Amino acid sequence: MSEDGTPSISYLLDSNTPPKPVEIPVVESRIRDLVDKISELRKLEVELERHRAILSPVRRVPREVLGYVFTFLHPYEHEEKVRDAAGRKDILRLSLVCKLWRDATLVTHELWTGLQIKPRHTLESLKPLETWLSQAGSLPRRLQYQGWNLRDGEASTNVSRQSCSCGSSNAWTWTRRGPGSCLLAASVLPQLLTNGPRLDHLTLMCANTVCFGHFLDTMDALRQIPTTPGSRPWDTLRSLSVKFQNTILLPDPQLGHIIVSHLERLPVVESLEVHIPSSSSVFETGFDTSHLELNILPNLLERLTTFEICCSWAGPHILKLLRHCSNIETLTINYGSSGDLSPLRNMGGPALIQHYRAAPLVLAKLRTLRTRRARHLSFLYFLEAPQLVNLDIGIFSHENGLNGYDLLLPFQSFRDRSGFTQSLRTFQLRACFIDAGQLFPIISNLTGLTTLTLDNVKVEMDRLWKKFKDRDAAAQRGYGDLSFSNLEKLEILQLPPGCQLEPIVDYIKKRGPSLKFQLITSYKILEHRVLSEEDVRQTLRFSLSGVRASIVPSV
């Protein structure tokens, strides 16, 4: 018996003896007591965790730091820092977690600077879009209109469920239709650019050139309204990108003039990107585009510091524009995807070609020059850039390879006239098939290079780097200078399957410890028969080259 007169059950806890009838109520009472205590302990555990949460390091993270973490949400859409519908939902979801997270999103203005809109965004969207952009504070705002397609499930109005009537190929219908039936003209964009907040950059991805004309007409009509502010966002843009997906196909000789006449109405900006539709999507086969003019006004071209032009039309269109680009610092020439064999064909006869070669265009302030999808670089015969620092050449890759007239001779002519042998700091060559004997004289004499990039370049690596080894061996005997004496980064990217790193590593080893730069390589596909990154590092470490090496995934 226990002290309180109840039967003792301690002996039952250590045996399998069945309880007596008088002991059963005692056991049940004890169970109830233990359950109550366990319940109380669980409440204390919850209370303990709540108190520990007060001291959690996460709670003490400043909202500014939390907001910086939020900026890593990927906002890129078509290579621009703008948020599409899904990206905007991500930001709103973060703001609903708690008050701290909401405050973090609101004080991080960078989250709100870029916005993508589509044809489905009509006038009803004006206030929400203005509210979104207002959260950017004083940071530059970016806006992208993506009007190239309407994917299923995105339509929210009757207007947005239609395909844009501007794409009709019927001449009579096209001439009768006006801005009211155009998705771009009926969208919220004209109102945003007339009465909305100030913008730094605008990208217009137009379904076709007729849409762009209707958009400009709508903008002009809004300008006539008395309540329109004197300074519209359209007028104060710093940067503008206009891209056309295609245009209507009409057997009309005036069509070319209709297309280019819209360019006269562009605002004066500092940075301009224009993608002209390919001739195959605009004109009938055999149509001569050389007589057309890309009517971008001279006062706009003179203001530009950054200019990107994508045009595959035959004729000297690009050269005529560059005559007025006296302040250009960054120039990108893209010949598009039409695959034209000679973008400068039909320049107007030998007399015009001789004129440009005799008096090349001097781009006195040009520091960065890029080319994309060029079959050859003949236009370099007509340019001079004495201040060039960065040269990035992208070729329209074809299996027959380049000959001297495609790249080597134009490059040497351009280099000698411009005099950038020692001043050029970065050189990138992309997407081409070239002989080692032609590539070597291009890069071996650029003594001031700090960065050299060969990206998806098909060349015999053994031959190329043997030439550099022979040259450096002669330099060590007192004949000339070592190659790449100022190089800080060597990038050999998208190596084809089976291509080995040994020639490059062997060249670096032979150079000795005087060469100190970073070697970065990548392969197009997973390749098991190549030197691993650790093998490369060990080899270069034992040779005391001082070179840091890494093999990165192909992008």
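The model shown is predicted, which means the values in this text are computed figures rather than measured ones. Side chains are part of it too, since the values below use all heavy atoms of this structure and drop only hydrogens, waters and symmetry mates. Throughout, residue positions are numbered sequentially from 1 according to the sequence presented.
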Side chain to side chain contact (heavy atoms under 4.5 Å, CB included) between Val242 and Leu240, intermediate numbers included: CA-CA 7 Å; Val242 181; Leu240 174 64; 3.9 Å; yes

To the nearest 0.5 Å, what is the distance between CD1 (Ile395) and CG (Leu429)? 6.5 Å

Hey, could you give me the SG/CG distance between Cys206 and Leu183, rounded to the nearest 0.5 Å? 12.0 Å

With the side chain counted from C-beta on, respond yes when Gln387 and Lys365 share a heavy-atom pair under 4.5 Å apart, and no when they do not. no

Contacts satisfying salt bridge (Lys or Arg N to Asp or Glu O under 4.0 Å) that involve residues 322-332 (not counting sequence neighbours) are none

Are side-chain heavy atoms of Glu270 and Ser239 found at a separation under 4.5 Å? no

Above 12 or not: heavy atoms from other molecules or residues under 6.0 Å from NZ of Lys469? yes

Would you mind checking if Arg265 and Asp217 are paired as a salt bridge, meaning a charged N to carboxylate O distance below 4.0 Å? yes

Side chains of Leu297 and Leu263, heavy atoms from C-beta outward: is any pair under 4.5 Å? no

Where at least one partner belongs to residues 297-308, residue pairs that pass side-chain hydrogen bond (donor to acceptor under 3.5 Å, both in side chains), sequence neighbours excluded: none

Heavy-atom closest pair (Ala136 atom, His109 atom, distance to 0.1 Å) is O-CB, 3.2 Å

Is there a side-chain contact between Trp234 and Met219 (heavy atoms, below 4.5 Å)? yes

Closest approach of Leu487 and Leu452, non-hydrogen atoms and distance? CD1-N, 3.8 Å

Where at least one partner belongs to residues 445-464, residue pairs that pass ring pair (Phe, Tyr, Trp, His ring centres under 6.0 Å), sequence neighbours excluded: none

So which heavy atom on Phe517 is nearest to which on Val547, and how close? O-CG1, 3.1 Å

Trace of the side chain to side chain contact (heavy atoms under 4.5 Å, CB included) decision for Leu439 with Leu454: CA-CA 10 Å; Leu439 181 56; Leu454 302 180; 4.3 Å; yes

Side chain Ser187, main chain Leu184, donor-acceptor under 3.5 Å: yes

Determine whether Arg83 and Leu111 make a side-chain contact, defined as any pair of heavy atoms from C-beta on separated by less than 4.5 Å. yes

Contacts of Thr426 that satisfy side-chain hydrogen bond (donor to acceptor under 3.5 Å, both in side chains) - sequence neighbours left out: Asn390

List the residues meeting ring-ring contact (aromatic ring centres under 6.0 Å, His included) with Trp465, not counting sequence neighbours, and say none if there are none. Phe468, Tyr507

Residues in ring-ring contact (aromatic ring centres under 6.0 Å, His included) with Tyr145, at least two apart? none

If you take all heavy atoms of Tyr335 and Ala374, which pair is closest and at what distance? CD1-CB, 3.4 Å

May I ask you to test the Ile442-Phe427 pair for a side-chain heavy-atom distance under 4.5 Å? yes

Would you check, one step at a time, whether the test side-chain hydrogen bond (donor to acceptor under 3.5 Å, both in side chains) holds for Glu264 with His262? CA-CA 5 Å; Glu264 295 178 344; His262 299 323; over 6 Å; no

Tell me, please, which residues at least two apart from Lys489 pass side chain to side chain contact (heavy atoms under 4.5 Å, CB included). Thr451, Glu491, Gln518, Ile520

The test is side chain to side chain contact (heavy atoms under 4.5 Å, CB included); show your working for Ser241 and His201 and say whether it passes. CA-CA 8 Å; Ser241 175; His201 173 80; 4.0 Å; yes

So Asn486 and Leu449, do their side chains get closer than 4.5 Å, heavy atoms only? no

Would Asp406 and Gln438 count as a side chain to side chain contact (heavy atoms under 4.5 Å, CB included) if you check the C-alpha gap in whole Å, the side-chain angles of each, and the deciding distance to 0.1 Å? CA-CA 10 Å; Asp406 293 331; Gln438 292 189 35; over 6 Å; no

All side chain to side chain contact (heavy atoms under 4.5 Å, CB included) counterparts of Ala475, not counting sequence neighbours: Leu482

Rounded to the nearest 0.5 Å, what separation is found between the CZ atom of Phe379 and the CG atom of Leu322? 9.0 Å

Keeping Thr421 on the side-chain end and Leu446 on the backbone end, is there a donor-acceptor pair under 3.5 Å? no

With sequence neighbours excluded, what pairs up with Ser423 under the side chain to side chain contact (heavy atoms under 4.5 Å, CB included) test? Phe420

Under 3.5 Å, side chain of Arg141 to main-chain N/O of Arg198, donor-acceptor pair present? yes

For the atom pair CG (Leu495) and OG (Ser522), what is the distance rounded to the nearest 0.5 Å? 6.5 Å

State which residues pass salt bridge (Lys or Arg N to Asp or Glu O under 4.0 Å) with Arg548; sequence neighbours excluded, sorted by chain then number. none

Does Asp462 come within less than 4.0 Å of Lys466, counting only side-chain N to carboxylate O? no

Does the ring centre of Phe244 sit less than 6.0 Å away from the ring centre of Phe212? yes

Spacing of Leu139 atom CG and Trp112 atom CH2 [to the nearest 0.5 Å]: 13.0 Å

Going by the salt bridge (Lys or Arg N to Asp or Glu O under 4.0 Å) test, which pairs reach into residues 419-436, not counting sequence neighbours? Asp392-Arg430, Arg430-Asp455, Asp435-Arg463

Nearest 0.5 Å please: distance from the SG atom of Cys432 over to the CG atom of Leu407. 6.5 Å

Under 4.0 Å between a side-chain nitrogen and a carboxylate oxygen: does that hold for Asp200 and Arg238? yes

Heavy atoms of Leu237 and Pro267 approach each other most closely as CD1-CG, 4.4 Å

Set of residues satisfying side chain to side chain contact (heavy atoms under 4.5 Å, CB included) with respect to Gln412, sequence neighbours excluded: Leu408, Leu409, Arg415, Pro441

Would a 4.5 Å heavy-atom cut-off, applied to side chains only, mark Cys211 and Cys182 as touching? yes

Are Arg232 and Asp235 close enough for a salt bridge, meaning some N to O gap below 4.0 Å? yes

Do the side-chain N and O atoms of Gln116 and Gln146 include a donor-acceptor pair separated by under 3.5 angstrom? no

Identify the heavy atoms of Leu383 and Leu363 that sit nearest to each other, and give their distance. CD2-CD1, 4.5 Å

